[in-house]
Every structure is written in structure tokens, then in C-alpha cells.
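Shown next, in C-alpha cells, is the structure this report addresses.
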2 protein chains.
Amino acid sequence: MTDTARKRNPRGSGDLLREEILVAAITLIDTTDDTNALTLRGVARQASISAPSIYSHFDNLTLLVEAVLQSSFHELAESVRTAMAAEQQPAAKLLAAGRAYVDFGWQHKARYRLMFAETGYAENAVETFALVAESLQRCIDAGISGSTDARADTWIVWAALHGVATLDKPARADYLRLGALDRPALLETIIRRLTLIHGPPALAKL
Amino acid sequence: MTDTARKRNPRGSGDLLREEILVAAITLIDTTDDTNALTLRGVARQASISAPSIYSHFDNLTLLVEAVLQSSFHELAESVRTAMAAEQQPAAKLLAAGRAYVDFGWQHKARYRLMFAETGYAENAVETFALVAESLQRCIDAGISGSTDARADTWIVWAALHGVATLDKPARADYLRLGALDRPALLETIIRRLTLIHGPPALAKL
DNA sequence: AACATAAGCTAACGACTGTAAAGTGATGCG
DNA sequence: CGCATCACTTTACAGTCGTTAGCTTATGTT
């Protein structure tokens with residue numbers, strides 16, 4: 001609508017537009033919160049670009065969407081990684097990872113749904129998965145977790161957090177008449193119980 | 001394609017078609033496993049009907065989809081209810097409910113996703129929620145659960161199972177290099193840990 | 001200054017969508 | 001037997017979509 005006519009990119013670097021298109025696609029799905037909003041023309045509008053211009057950088061819509069998903073998985077992994085890095089003790093790292101994960105899901109609802117709606121997401125999540133599994137293993141080694149299988153229990157935690165991330169906030173307490181159900185305590189409860197962490201509340205720092 | 005020309009419904013009961021349309025819509029989304037397949041014309045094709053005929057029974061597509069969702073929520077609740085009714089002890093009821101819930105999600109992937117993609121699902125899930133919460137409360141009363149808040153912990157279990165139901169089967173072990181991760185044991189582990197059920201393995205009947 | 005080319009455009013296609021309007025033909029009642 | 005009504009149908013419109021073909025124009029090189 002606000003047609004502030006784009007300046008064409010300099011000669012050598014037409015690849016600049018590729019990044020712009022990707023960003024446009026991501027902000028489009030994030031702002032509309034609608035999985036189906038990710039159309040070729042929609043992205044073009046968001047980027048102030050003509051639709052066919054996208055074909056110079058992505059052979060078709062499917063490839064563009066895949067690029068969005070791949071980028072999103074990296075963003076998620078990075079977010080979890082830095083959250084873990086900010087903590088020292090393995091149990092605290094675990095909790096921080098869980099918080100970062102759920103935060104991502106809640107802050108980018110439609111995008112997160114899309115990430116797990118398409119098949120083949122598991123391979124993209126492998127990176128983050130390994131990170132968390134290591135952390136849990138260290139908890140076991142430190143004797144503060146009763147788990148006997150770090151990978152299996154990591155999967156369980158992942159599934160549970162995925163559930164929390166998918167059930168959006170407004171639905172939580174309102175209809176189900178849950179009293180105080182604040183998120184940090186909730187996440188800590190879930191993770192502690194599933195990983196059998198019985199250690200002292202070093203996690204309680206929230 | 002196989003145009004086995006429909007017989008028109010008798011005079012009084014034009015409402016028969018309403019049910020046929022609903023069934024057609026459900027089988028359509030279930031067989032295609034695609035959320036976006038639920039179009040007015042697609043449903044019409046599935047029901048061997050002309051598209052505008054649907055308007056005699058549903059004022060627009062949105063209302064048809066809502067009817068599908070409402071019906072699906074009832075189906076889910078009914079499935080969970082009967083699964084629980086087949087068990088005696090409260091802990092066994094709890095586990096049966098979880099199994100039935102996840103089964104539904106896995107057997108109707110696209111439909112399940114649609115149920116929780118649209119807003120306002122929480123009010124529809126209230127029925128099932130209450131059922132499970134009661135069951136957990138009985139576990140607490142019987143002294144086999146360490147939980148202190150049946151409703152809150154039911155929500156946690158729900159979220160976790162929702163996560164399991166949403167992560168589809170093939171993705172489980174394959175990419176994550178988990179060994180044996182059979183579903184019944186997995187569900188039992190999740191539910192036992194989250195509800196703090198420490199009782200004797202009366203649940204082990206699987 | 002001339003020219004090749006990169007960067008992006010407009011126009012157009014075929015297919016699909018939800019929905020409105022108007023038609024058809026069997027059915028059951030008076 | 002006639003006729004109104006119900007249960008649908010065909011036709012049509014306006015809008016969206018992905019994608020292709022071909023054009024324009026600025027840019028960097030020679």
C-alpha cells in the first residue's frame with residue numbers, strides 16, 4: 001500500500017534480495033499468525049516486490065517455504081543454545097533450554113506450527129535435541145537426576161514442551177478454571193518431574 | 001470421478017444430507033491428511049453433490065468447518081470416556097484415557113491439528129478435561145498420587161500428551177537414534193511421572 | 001559513449017476458490 | 001390431476017493462487 005518504490009540492488013549482489021525475501025516471508029507469517037498467509041504474492045507484497053521476482057532466487061514456493069523453515073530451525077536452535085550457555089549448573093541449563101524453547105513457540109505461533117506441520121522436521125531438530133540430551137546426561141552423572149536413559153527422557157521432555165508450546169496461552173487458565181498457573185513454575189514442574197531431578201532447588205532462580 | 005448419480009432424499013427429510021456432508025468433510029480431511037483439503041468444492045466432490053447444495057445446510061464454509069470440529073471434539077471425548085470406563089482402578093483409568101487421547105491424535109492427524117489450530121478449542125476440551133481431572137483426584141484420595149492439585153496436574157498431563165499426539169510417529173526413533181521407544185511404555189512413563197503416581201504397577205497391564 | 005547483462009518489471013495463462021442467482025424436476029398433498 | 005414445494009442442479013462472477021514469457025531499465029565494463 002505504502003508504495004515506497006524499492007531501489008534496485010547494485011550489479012554484483014542481486015543475492016541481497018534473497019535475504020530480503022526470506023525476511024519478508026518470516027515477518028509475513030509472524031505478523032499474520034496464519035500458516036496459509038505464506039503465498040508467493042503475499043511475500044512479494046510484503047517485500048515491495050513483484051511476485052515473479054521471487055523466482056530469481058527461489059525456483060518455486062515450496063523451496064521458499066523450506067528456506068523459511070530451515071532458517072527457523074536454526075533460529076530456534078540458536079535461541080536454545082544461548083539460553084543454556086547463560087547458565088552454569090546442568091539442571092539450570094536444562095530448565096533454561098525448556099524456557100527458551102517454549103518461548104519461541106509462543107512468540108511465533110504460526111511459524112512454529114508450520115515447522116512441525118511439514119514432514120522432515122525431526123532431522124532439523126536433531127541439533128537441539130543432542131544439546132539437551134547432553135545436558136541431561138550431565139545431570140545424571142552429577143547424581144541429581146534419577147533418569148537412566150538420557151536420550152529417551154530427553155525425547156519425553158521435548159514432546160511435553162512441544163505440547164506446551166502448541167497449546168497457546170489464552171486457552172490455559174480461562175476455560176479450565178485453573179488458578180494461578182504461571183508459566184515458569186509450570187515449566188519447572190514438568191521438567192523436574194519428567195527428568196526425575198530431585199536435587200536442591202538450584203533451579204529456583206527465576 | 002465415479003459418478004454414481006446420487007438419489008435425491010425423500011421429501012420430509014432433507015436434513016439427511018447434512019449428516020452426509022459432515023461425514024464427507026471428515027473422511028476428506030482424514031484421507032487426504034491435509035488441513036487445506038477442506039474446501040467447499042472438495043467436500044461436495046466427496047459427497048457426490050454440487051457445491052452450492054451445501055449452502056442449504058451450512059450458511060458458509062466456516063460454519064461447516066466448525067461443525068466438523070465440534071463433531072470431532074465429541075468423538076474425542078467419547079473415545080476417552082469409553083476407554084476410561086473399561087478400567088476399574090483410577091490409575092488404570094488415567095492411563096487408558098491417555099492412550100485413547102494419543103491414539104485419536106495419531107489416527108486423525110490433520111483433523112486433530114485443525115481442532116487445535118483454530119481458536120476456541122479449550123471450551124470444547126473442557127468436558128474431557130474434567131473427566132481426567134476427576135480421575136486424578138481419585139488417585140490422590142486413594143493415596144497413590146503425590147499430586148496436590150488435580151486440575152493443574154491434569155493440565156500438565158494434557159499438554160504433554162498433546163505434544164506426543166502432535167509429534168507424529170515416524171519422527172520418533174528414526175532420526176533421534178532412540179532405541180526401543182515403544183509407545184505404551186512411553187505413555188505410562190509420562191503419565192506416572194507427571195502425576196507422581198508411585199503406586200504398585202497396577203497399570204502394567206498393557 | 002556503446003553495449004551486454006543483471007535486476008526487476010508487466011501481462012497473461014489456467015486452475016482453483018467461495019458464493020449468488022436462477023433453473024429443473026421429482027414428490028407429496030389438496 | 002394439478003400444483004406448490006422441496007431437493008437439489010447448472011451457470012456464472014469475482015477473486016485468489018502459482019507460474020511462464022517477455023519486456024524495461026539501470027549498471028558496470030570496455
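With rounding to whole Å, B:Tyr55 atom OH is found 12 Å from C:dA21 atom P. In this structure, the CD1 atom of B:Ile54 is 11 Å from the P atom of C:dT17, given to the nearest Å. The CG-C1' distance, from A:Leu17 to C:dA6, rounds to 13 Å in whole Å. For A:Ile21 and D:dG18, the CD1 to P distance is 13 Å, given to the nearest whole Å. Distance, B:Arg18 CZ to D:dA7 P: 14 Å, rounded to whole Å. If you measure from atom CZ of A:Arg45 to atom P of C:dC9, you get 14 Å, rounded to the nearest angstrom. Atom CG of A:Leu64 is separated from atom P of D:dC17 by 14 Å (rounded to the nearest Å). The distance between atom CZ of B:Phe58 and atom C1' of C:dG18, rounded to the nearest whole Å, is 16 Å.
Mapping A:Ala51 and B:Ser56 onto DNA chain D by nearest heavy atom places B:Ser56 at the nucleotide closer to the 5' end.
The one candidate from B:Thr189, B:Val157, B:Asp153 that meets the side-chain contact (heavy atoms from CB on, under 4.5 Å) condition with B:Leu194 is B:Val157. Here the rule is ring-ring contact (aromatic ring centres under 6.0 Å, His included) with B:His108, and of B:Tyr112, B:Trp106, B:Phe104 only B:Phe104 fits it.
The side chain of A:Ile49 lies closest to C:dC9 when the candidates are C:dC9, C:dT19, D:dT9. Comparing C:dA11, D:dC17, D:dT10 by their nearest atom to the side chain of B:Pro52 picks out D:dT10.
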Determine, step by step, whether A:Asp30 and A:Arg111 satisfy the salt bridge (charged side-chain N to carboxylate O under 4.0 Å, His left out) criterion, reporting the C-alpha distance in whole Å, the side-chain angles of both residues, the deciding distance to 0.1 Å, and the verdict.
-> CA-CA 6 Å; A:Asp30 273 3; A:Arg111 194 153 112 242; 2.5 Å; yes

For B:Ser53 and B:Ser56, run side chain to side chain donor-acceptor pair (under 3.5 Å): C-alpha distance rounded to whole Å, both residues' side-chain angles, the deciding distance at 0.1 Å, then the answer.
-> CA-CA 6 Å; B:Ser53 295; B:Ser56 314; 5.8 Å; no

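B:Ser50 has a side-chain polar atom (N or O) that falls below the 4.0 Å cut-off from OP1 or OP2 of D:dT9.
For the segment residues 33-41 of chain B, residues with any heavy atom less than 4.0 angstrom from an atom of DNA chain C are, sorted by number, B:Thr39, B:Leu40, B:Arg41.
Residue pairs satisfying the salt bridge (Lys or Arg N to Asp or Glu O under 4.0 Å) criterion with at least one member in residues 47-66 of chain A, sequence neighbours excluded, are absent.
Annotation: salt bridge (charged side-chain N to carboxylate O under 4.0 Å, His left out) contacts of B:Arg41 (sequence neighbours excluded): none.
Checked for salt-bridge contact, A:Glu188 and A:Arg193 miss the test: no charged N lies under 4.0 Å from a carboxylate O.
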